[in-house]
Amino acid sequence: MLTIAISIYLETNTQIDSEGLYWTVNIFLVALFSYYGGIYGGILLILLLSGIYAGMLTISTPNVLVVTDLSPYAIGLFIALALGTLGWKIKANEVQLRKVFENNDVTFWTWDNETEEHSFSEGYAKLYGVSSEQFKENPTLWLDAVHPDDKEIVLQAIEQQQAGKKTSISYRYFHANGEIRWIQDRATPYIDRHGVVTRVDGVSFDITDQKKVEQRMNQLIHYDSLTGLTNRKWFQNYLETALISANKFGRPLAVMFIDFDNFKRINDTLGHSAGDQLLIRIANRLKSILRDSDIVSRQSGDEFLILVESRDVQEVEALAKKIIVEMNDPYTINGMEIISTPSIGISLNIEWNDDAETLIKKADFAMFLAKDIGKNNYQFYNEELNKKMKRRMILETYLHKAIDHNELTVHYQPQFDIASYRITGAEALLRWECAMGKIKPDEFIPIAEDTGLIIPIGEWVLRQACRDIKRFQDKGLNSFPISVNISTRQLMAPNFVDRIRTIITEEAVEPNLLTLEITESAFLYYEDAKENILELRNLGVGVSLDDFGIGYSSLSMIRNIEIDELKIDRSFLHDSLKNTRVRSLLEAIIQIGKKMNTKVVVEGIETREQIELLSTHDVYGQGYFYSKPIAVDEFEAWCLVAKNKQENMR
Ligand code: C2E
Ligand code: MG
Ligand code: MG
């Protein structure tokens with residue numbers, strides 16, 4: 001249009017150097033076209049212009065636009081086309097480059113030391129998930145977003161840059177959506193001729209995917225080979241990172257500690273391969289219940305850890321309920337139906353500012369509560385448990401020093417032949433008094449067992465009991481065996497029998513004056529227990545099965561291992577007077593013991609009525625009715641008068 005207009009104008013103004021002006025405009029148009037449309041755009045225009053020119057020459061104004069020499073214009077057109085195309089190319093490259101930076105998480109930045117201004121290229125917004133406006137409002141946003149654990153790395157790099165050194169660092173940062181991502185940052189300081197750093201140029205780009213691959217490789221080392229789940233170490237590392245993010249954004253996060261009830265028994269009765277199959281099935285079932293974002297790891301044995309992110313307490317509770325329902329569905333393994341119910345402990349990040357380890361510990365603790373309450377249920381870690389846990393931790397510290405601080409004593413509770421009212425033995429019961437006051441064995445014995453302190457403490461009790469046996473003998477008291485409680489952990493400790501042999505020898509005690517009370521939990525380690533029990537009996541030491549009747553393997557135990565004494569749990573006697581079924585059971589157990597030539601001791605005799613109930617059975621008894629456990633001096637004095645008292649009581 002412009003060309004036609006010019007040619008018409010020239011037609012009417014012939015005195016102007018019409019030819020030169022016409023071609024100059026054309027050259028300019030070609031440059032413009034090729035700049036915006038590339039080489040093809042430019043060529044197309046040249047062809048068009050040539051067409052118009054030829055047309056005008058022949059049709060309308062040959063006298064006006066007669067060209068004497070076309071070559072300078074042709075050169076001009078060519079140069080315009082070349083320059084325009086070059087411009088177009090540069091522009092296209094720039095746009096492409098910008099697109100690359102905009103679409104990828106890359107940003108170029110410059111820090112100006114004089115103005116103290118930080119400027120970033122557009123990719124910044126994508127990298128951090130903020131708008132350019134947000135960033136302009138808060139220029140230190142990038143530094144605020146750095147993960148607290150990595151801040152030091154960033155600050156050190158800034159220091160080095162200011163000292164004129166190039167830096168290359170990678171660090172974690174919080175994306176606006178709360179996700180923790182990774183950045184790689186390379187910076188080069190610009191030093192002027194006076195040796196002063198005037199600015200620092202850098203490029204930052206997202207390397208989260210690369211880090212994820214690295215993490216995945218790491219996970220491979222942290223996998224449990226049986227179930228394919230991650231292991232505890234990995235879980236703890238992951239939880240540490242998840243906690244920082246969850247706490248920063250106030251998101252709830254729950255750790256579930258699941259222990260499968262009676263798993264050990266399944267393993268022992270059906271074999272390890274069935275146990276392994278069960279674990280795989282349990283792991284798969286757990287995975288199928290959880291969302292993809294929840295994490296399940298195998299802690300050890302039959303214990304699993306679950307991390308539940310971004311769910312409120314009600315949802316966590318609903319999930320726990322669901323796990324219980326689903327896990328109560330039996331599995332068929334080797335043609336057999338097996339049920340292994342879960343006991344779940346749950347801890348939450350929202351109330352306490354706990355680290356990963358503590359959170360797992362608390363869930364573990366809550367799991368024990370779930371077990372105590374009767375298994376196959378869930379319990380949240382709560383304030384009550386928190387107090388208990390703190391108390392337990394303090395007691396644990398004190399218990400380590402209990403022997404050195406002479407805080408332990410042994411009390412004795414006599415055992416009687418019910419018919420003749422003759423003392424036939426005594427049970428040594430440990431007492432502990434520390435800065436926290438008198439602590440009951442039911443509280444401190446489990447702590448001693450968990451921490452392994454039961455080994456030195458148990459040995460101390462044994463030695464003390466042996467010394468007291470000697471002492472009673474030296475004072476001319478009737479000799480009778482003293483029973484010492486042995487925890488399963490002691491019984492299973494290496495060289496246990498050797499240690500007993502050494503103590504007996506060193507204290508010069510006749511082995512038949514010592515009875516060791518074990519509980520049926522030893523049966524869980526049947527093979528080793530059997531061996532040790534046999535050896536102990538060969539040594540001449542008596543073996544008594546304590547709390548008989550309350551566990552499920554009591555009968556199997558006496559079927560498989562010969563023992564000297566059965567101590568019937570006090571709950572039987574307690575309930576016998578009001579419940580005839582229990583009474584029949586008590587009588588049946590007494591008969592079993594007798595048929596197996598085992599001494600039968602009934603625990604927890606408190607009333608004359610109970611004595612009367614037992615008097616026809618020719619058994620032995622122990623309980624408050626006769627005496628509470630008393631200190632050794634008192635017990636000694638008590639034994640001296642016991643004979644006289646015997647006569648009166650009968
Ligand atoms: P246990 O071996 O079954 O001991 C009997 C418990 O019943 C003792 O509790 C005793 O005081 C209590 N008792 C005795 N007669 C009666 C009665 O008529 N009524 C009632 N209600 N209770 C009675 P204690 O001394 O508190 O010990 C509790 C448990 O702690 C013991 O149960 C035993 O399992 C453990 N224990 C105590 N001393 C030791 C020890 O030196 N080593 C180990 N491994 N465990 C010990
Ligand atoms: Mg006992
Ligand atoms: Mg008992």
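Ligands are counted one by one from 1 in listed order, and the atoms in each one are counted from 1 as well. In this chain, numbering begins with 1 at the start of the sequence shown.
- The Mg ion (ligand 2) does not have S483 among its coordinating residues (no N/O/S atom, backbone or side chain, under 2.8 Å).
- Distance alone, capped at 3.5 Å, is enough to place a donor-acceptor pair between the K594 side chain and the H617 backbone.
- Judged purely by atom type and a 3.5 angstrom limit, D261 uses its side chain to pair as donor or acceptor with the backbone of N376.
- Ligand 1 has no N or O atom lying under 3.5 Å from any N or O atom of E449, backbone or side chain.
- Within the cation-pi definition used here (under 6.0 Å to the ring centroid, within 45° of the axis), K475 does not qualify as a partner of F472.
- Judged by distance alone, the side chain of N334 and the main-chain N or O of M336 form no donor-acceptor pair under 3.5 Å.
- Under the salt bridge (charged side-chain N to carboxylate O under 4.0 Å, His left out) rule, E443 has a single partner from R392, R391, K388, which is R391.
- In this structure, atom 32 (O) of ligand 1 has its sub-4.0 angstrom surroundings free of protein heavy atoms.
- Checked by atom type and distance alone, the side chain of T505 pairs as donor or acceptor with a backbone atom of R501 at under 3.5 Å.
- Residue contact check: V461 has heavy atoms under 4.0 Å from atoms 41 (O) of ligand 1.
- Here E517 fails the criterion, with no N, O or S atom under 2.8 Å of the Mg ion (ligand 3).
- E427 has its closest N, O or S atom to the Mg ion (ligand 2) at the position named OE2.
- Under the 6.0 Å cut-off for aromatic ring centres, F365 and F257 do not qualify, their centroids lying 6.0 Å or more apart.
- Using a non-hydrogen distance threshold of 4.0 Å, G604 registers as a contact of ligand 1.
- The N, O or S atom of D547 with the smallest distance to the Mg ion (ligand 3) is OD1.
- Residue, atom and distance of the protein heavy atom nearest to atom 37 (C) of ligand 1 are L429 CD2, 3.7 Å.
- Looking at D224, its side chain never comes within 3.5 Å of a backbone N or O of R298 through a donor-acceptor pair.
- Coordination check, D569 versus the Mg ion (ligand 3): failed, since every N/O/S atom of the residue sits at 2.8 Å or beyond.
- Enclosure of atom NZ in K599 by more than 12 non-hydrogen atoms of other residues, nucleotides or ligands within 6.0 angstrom is indicated.
- Around atom 18 (O) of ligand 1, the closest heavy atom drawn from Y624, W432, F444, W460 belongs to Y624.
- Distances from ligand 1 to the non-hydrogen atoms of R570 include at least one value under 4.0 Å.
- Every atom of ligand 1 is numbered from 1 in the order shown, and the set under 4.0 Å from a heavy atom of R431 is 11 (O), 25 (O).
- Taking every non-hydrogen atom of S487 and a distance limit under 4.0 Å, the qualifying atoms of ligand 1 come out as 44 (N).
- Ligand 1 lies less than 4.0 angstrom from a heavy atom belonging to Q413.
- Because its NZ or CZ atom is both nearer than 6.0 Å to the ring centre of Y331 and within 45° of the ring axis, R285 counts as a cation-pi partner of that residue.
- Atom 21 (N) of ligand 1 has its closest protein heavy atom at E606 OE2, 3.3 Å.
- The six-membered or imidazole ring of F572 lies away from that of F548, with a centre-to-centre distance of 6.0 Å or more.
- Between the side chain of E507 and the main chain of I504, no donor-acceptor pair closer than 3.5 Å is present.
- For the pair K321 and Y378, the NZ or CZ position fails the cation-pi test of under 6.0 Å to the six-membered ring centre and within 45 degrees of the ring normal.
- A donor-acceptor pair is defined here as one N or O able to donate and one able to accept, closer than 3.5 Å; no such pair exists between the side chain of D564 and the backbone of G542.
- Within the structure, ligand 1 has E603 among the residues with a heavy atom less than 4.0 angstrom away.
- For atom 9 (O) of ligand 1, the nearest protein heavy atom lies 4.0 Å away or farther.
- Using a 4.0 Å cut-off to heavy atoms of D547, the atoms of ligand 1 that qualify are 3 (O).
- Under a 4.0 Å heavy-atom criterion, K628 is not in contact with ligand 1.
- With respect to I457, the side chain to side chain contact (heavy atoms under 4.5 Å, CB included) criterion is satisfied by exactly one of T451, L399, I445: L399.
- Between H411 and ligand 1 there is no heavy-atom distance shorter than 4.0 Å.
- When only non-hydrogen protein atoms are considered, atom 34 (O) of ligand 1 lies nearest to N485 OD1, 4.4 Å.
- Atom OE2 is the N, O or S atom of E603 at the shortest distance from the Mg ion (ligand 3).
- Interface atoms of ligand 1 facing D546, defined by a heavy-atom separation under 4.0 Å, are 1 (P), 2 (O), 3 (O).
- Of all the heavy atoms of V410, none lies under 4.0 Å from any atom of ligand 1, so neither backbone nor side chain is involved.
- In terms of polar-atom proximity, defined here as any N/O pair under 3.5 Å, L430 does make such a contact with ligand 1.
- What sits closest to atom 28 (C) of ligand 1 on the protein, heavy atoms only, is D442 OD1, 3.3 Å.
- Closest to atom 30 (O) of ligand 1, if we only count protein heavy atoms, is P441 CB, 3.4 Å.
- Classification of E427 and K567 as a salt-bridged pair holds, one side-chain N sitting under 4.0 Å from a carboxylate O.
- Judged by distance alone, the side chain of T598 and the main-chain N or O of M596 form a donor-acceptor pair under 3.5 Å.
- Distances from the Mg ion (ligand 2) to the N/O/S atoms of D546 are shortest for OD2.
- The atoms of ligand 1 that sit less than 4.0 Å from any heavy atom of P629 are 11 (O).
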